[in-house]
Novice: 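Here it is: the structure, laid out below.
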Protein chains: 2
Amino acid sequence: MQDKVGAAPAGGENLLFLTDDQLRRGIEAMFFAYRAFTADPDMILTELDYGRAHHRAIHFINREPGLTVTALLDVLGVTKQSLNRVLRTLIEDGLVESRIGRRDRRERQLYLTEKGALLERRLSEAQRARMRAAYRAAGPQAVAGFRQVLEAMMDQETLRQYHALREMPE
Amino acid sequence: MQDKVGAAPAGGENLLFLTDDQLRRGIEAMFFAYRAFTADPDMILTELDYGRAHHRAIHFINREPGLTVTALLDVLGVTKQSLNRVLRTLIEDGLVESRIGRRDRRERQLYLTEKGALLERRLSEAQRARMRAAYRAAGPQAVAGFRQVLEAMMDQETLRQYHALREMPE
DNA sequence: GTATTACGTCAGACTTGTTGACTTTCCAAC
DNA sequence: GTTGGAAAGTCAACAAGTCTGACGTAATAC
C-alpha cells in the first residue's frame, strides 16, 4: 500500500502517473482536513448562536474594512438574501457597522466594531493555531506544496475571488 | 508581497517562523479550494435533486461495500437521524441496497446497486479529474506536501475516521 | 426624466443538520 | 427461559441556512 506519485512509466513529458487510488486519498484527505479545519471556530460560534456564514462575513470584513455588500457577496458566492440575514444579526448584535458609502451613497460599507474585531481575533486565532501546528509539523517544503496544489485546484472564477481582495482599490 | 516560509530568525530548533499573514493565506486557500473541490459533483447532484450528503454516503458505501449504518455514521460524523433521511431516498431511488446484517440482525449492511455505482463513478470521476489536473500542475513534490499538511491538520478523532476504512476487518 | 444599480425585505421552498420518542433485535444476568 | 438493558435503526418535528422570485427605495448614470 505504498503511495508514491512518480513519473509515468512509459515517459509522457511532464505528465504524472496517477492512480485512481492516489487521487481518492487526496479527495478523502480534503474532506477530513476541511472538517478539522472548521472545527475550532465552529465550537466558538455554536456557543454564541452563530454559524459558519457569520464567520465568513466577519473574516472578509476584517480583511478589507469598508468593503461593500456587493463585494462581500462576490467573494462569498451566495445570494444577497442569504447574506442579508447573517449581516442583519451581526449588525443588531453590534459586531458589524454598516456605513453609507462616501463616493456612492447607495453602497453600504461594512466595518467590524470593537466587539466584532474581538470575536474575529478569537475565531481566527483558533484557526491559525491549528494551521500553524500543521505547518510546523509538515515543514516549509510541504507548506509550499500544499499551497500550490490548493491553488491549482481552483477554477478561474474561484481564483479571481481568491485574489480579489489583494487587488482592491483604495 | 513575497510568501516565503523560512526558518525562525533567532533559531528555535525545528520551529518555523510563521506570520499571521502567511497563515491567513493558507486559511483562505483552504476555503476557496474546498469550494472549487466540491463544485463539479455539486452540479451533477443538483441535476438529480441530491445534495452533498448523498454524495458522501455514496462515496463511503462504494469504498467499503457492506458497511453498516453505524460505521457510516462514524465516518460522516452526523446523527443517525440525519443520515437516515438521505439513505432512505437513496434506497427508494434504487441507488443503495440495505441488507439485514448476517451476524447481527439489528445491523443493516449497505451496498450500491448498479445504478448507484454508476452515479458514484460519475461523481468521483468529476472530482478526480480536477484533482488529477491540480496534481499534475503542481508536481509530485507539491502533492506530497499537500497530503502532509492536510493530515497534520487533522485532530486525533478525525485522523481515526480518516484511517478507519483502511483497517476495517473482513 | 428614465433606466440602472445597490441594497433591503417578504414569502416560500429545499437540504441538512438537530432532539426526542419509538420498535426491533441482541445479549447477559437471573 | 425470562426479563431487562443496550444497541441499531426508524419516524416526527423543528432549526439553520441555502436558494428563487418579487417588490420597494434610494442614488446614480445616461
Side-chain angles (χ1 to χ4, degrees), chain A residues 31 34-35 38-39 41-58 61 66-93 96-111, chain B residues 31 34-35 38-39 41-61 66-93 95-111 123:
Chain A
F31 172 66
Y34 194 77
R35 187 153 80 195
T38 57
D42 279 356
M43 287 207 335
I44 298 170
L45 291 159
T46 301
E47 275 177 34
L48 303 172
D49 277 314
Y50 292 132
R52 252 179 234 179
H54 300 85
H55 184 191
R56 293 194 285 262
I58 288 173
I61 293 171
L67 96 171
T68 64
V69 173
T70 304
L72 185 53
L73 280 172
D74 181 53
V75 285
L76 293 181
V78 297
T79 61
K80 62 177 176 177
Q81 295 90 330
S82 183
L83 174 61
N84 193 253
R85 180 168 27 173
V86 167
L87 228 38
R88 201 189 325 170
T89 71
L90 289 176
I91 291 169
E92 280 170 7
D93 294 353
V96 167
E97 195 183 344
S98 164
R99 300 185 202 153
I100 290 176
R102 300 176 55 174
R103 293 177 307 247
D104 186 334
R105 291 171 48 80
R106 289 173 303 183
E107 294 180 344
R108 296 290 177 271
Q109 297 191 295
L110 303 170
Y111 298 88
Chain B
F31 172 67
Y34 194 76
R35 189 152 77 195
T38 57
D42 279 355
M43 287 205 335
I44 298 170
L45 291 160
T46 300
E47 274 178 35
L48 304 171
D49 278 315
Y50 292 132
R52 253 179 234 179
H54 299 86
H55 184 190
R56 292 194 285 263
I58 287 173
H59 174 92
F60 288 110
I61 294 171
L67 95 171
T68 63
V69 173
T70 303
L72 184 53
L73 242 46
D74 181 53
V75 285
L76 293 180
V78 296
T79 60
K80 58 183 175 175
Q81 294 88 333
S82 181
L83 174 60
N84 190 255
R85 183 176 12 191
V86 167
L87 230 35
R88 200 188 329 168
T89 71
L90 289 176
I91 292 169
E92 280 170 8
D93 295 355
L95 300 175
V96 167
E97 194 183 345
S98 163
R99 301 185 202 153
I100 290 176
R102 301 176 54 174
R103 293 177 305 248
D104 186 335
R105 292 170 48 81
R106 290 174 301 182
E107 294 181 343
R108 297 291 177 273
Q109 297 192 295
L110 303 170
Y111 298 87
L123 291 169

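Excluded from the calculations below are hydrogen atoms, water molecules and symmetry mates; all remaining heavy atoms, backbone and side chain alike, are included. Residue numbering restarts at 1 for every chain, and letters A, B, ... go by the order of the sequence lines.
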Novice: How close or far is atom P of D/dA7 from atom CG of B/Leu72, stated in whole angstroms?
Specialist: 19 Å

Novice: Rounded to whole angstrom units, what separation is found between the CG atom of A/Leu73 and the P atom of C/dT9?
Specialist: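 It works out to 14 Å between those atoms.
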
Novice: Quick check on D/dA12: is either OP1 or OP2 less than 4.0 Å from any side-chain nitrogen or oxygen of B/Arg85?
Specialist: no

Novice: So if I take residues 47-59 of chain B and measure heavy-atom distances to DNA chain D, which residues fall below 4.0 Å?
Specialist: none

Novice: Nearest whole angstrom, please: distance from the C1' of D/dT10 to the CD1 of B/Ile100.
Specialist: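 Rounding to the nearest Å, CD1 of B/Ile100 and C1' of D/dT10 are 13 Å apart.
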
Novice: I need the minimum non-hydrogen distance between A/Leu90 and A/Ala57, along with the two atoms involved.
Specialist: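 Nearest heavy atoms, A/Leu90 then A/Ala57: CD1-CB, 4.1 Å.
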
Novice: Specify the separation, in whole Å, of atom CD1 of A/Ile91 and atom C1' of C/dG8.
Specialist: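 For the pair A/Ile91 CD1 and C/dG8 C1', the rounded distance is 11 Å.
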
Novice: Rounded to whole Å, please give me the gap between CG in A/Asp74 and C1' in C/dA6.
Specialist: 14 Å

Novice: In whole angstroms, how far is the P atom of C/dC26 from the CZ atom of B/Arg102?
Specialist: 15 Å

Novice: Parallel, tilted or perpendicular, judged at 30° and 60°: which one describes the rings of B/Phe60 and A/Phe31?
Specialist: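 Because their plane-to-plane angle lies in the 30° to 60° range, the rings of B/Phe60 and A/Phe31 count as tilted.
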
Novice: Can you tell me how far P of D/dA16 sits from CG of A/Leu83, to the nearest Å?
Specialist: 18 Å

Novice: Sorted by first residue and then second, give each side chain to side chain donor-acceptor pair (under 3.5 Å) pair with at least one member in residues 41-54 of chain B; sequence neighbours left out.
Specialist: B/Thr38-B/Arg52, B/Asp42-B/Arg52, B/Glu47-B/Arg122, B/Tyr50-B/Asp93, B/His54-B/Thr89

Novice: Compare every heavy atom of B/Leu45 with every heavy atom of B/Gly51, then report the nearest pair and how far apart it is.
Specialist: O-CD1, 3.6 Å

Novice: May I have the distance from B/Leu87 (atom CG) to C/dG17 (atom P), rounded to whole angstrom?
Specialist: 12 Å

Novice: Does D/dG9 have its OP1 or OP2 closer than 4.0 Å to a side-chain nitrogen or oxygen of B/Asn84?
Specialist: no

Novice: Less than 4.5 Å apart, side chain to side chain, heavy atoms only: is that true for A/Ile61 and A/Leu87?
Specialist: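 Touching, per the 4.5 Å side-chain cut-off.
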
Novice: Tabulate atom names and distances for all N/O pairs under 3.5 angstrom spanning the protein and nucleotides 19-25 of chain C.
Specialist:
unit_1, atom_1, unit_2, atom_2, d
C/dG20, O6, B/Gln81, NE2, 2.7

Novice: If you look at every heavy atom in B/Arg106 and B/Arg108, which pair is closest and at what distance?
Specialist: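 Nearest pair, atom of B/Arg106 first, then B/Arg108: O-NH1, 3.2 Å.
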
Novice: Please confirm whether the shortest side-chain N or O distance from B/Thr70 to OP1 or OP2 of D/dG9 is below 4.0 Å.
Specialist: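 Indeed, a polar side-chain atom of B/Thr70 lies that close.
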
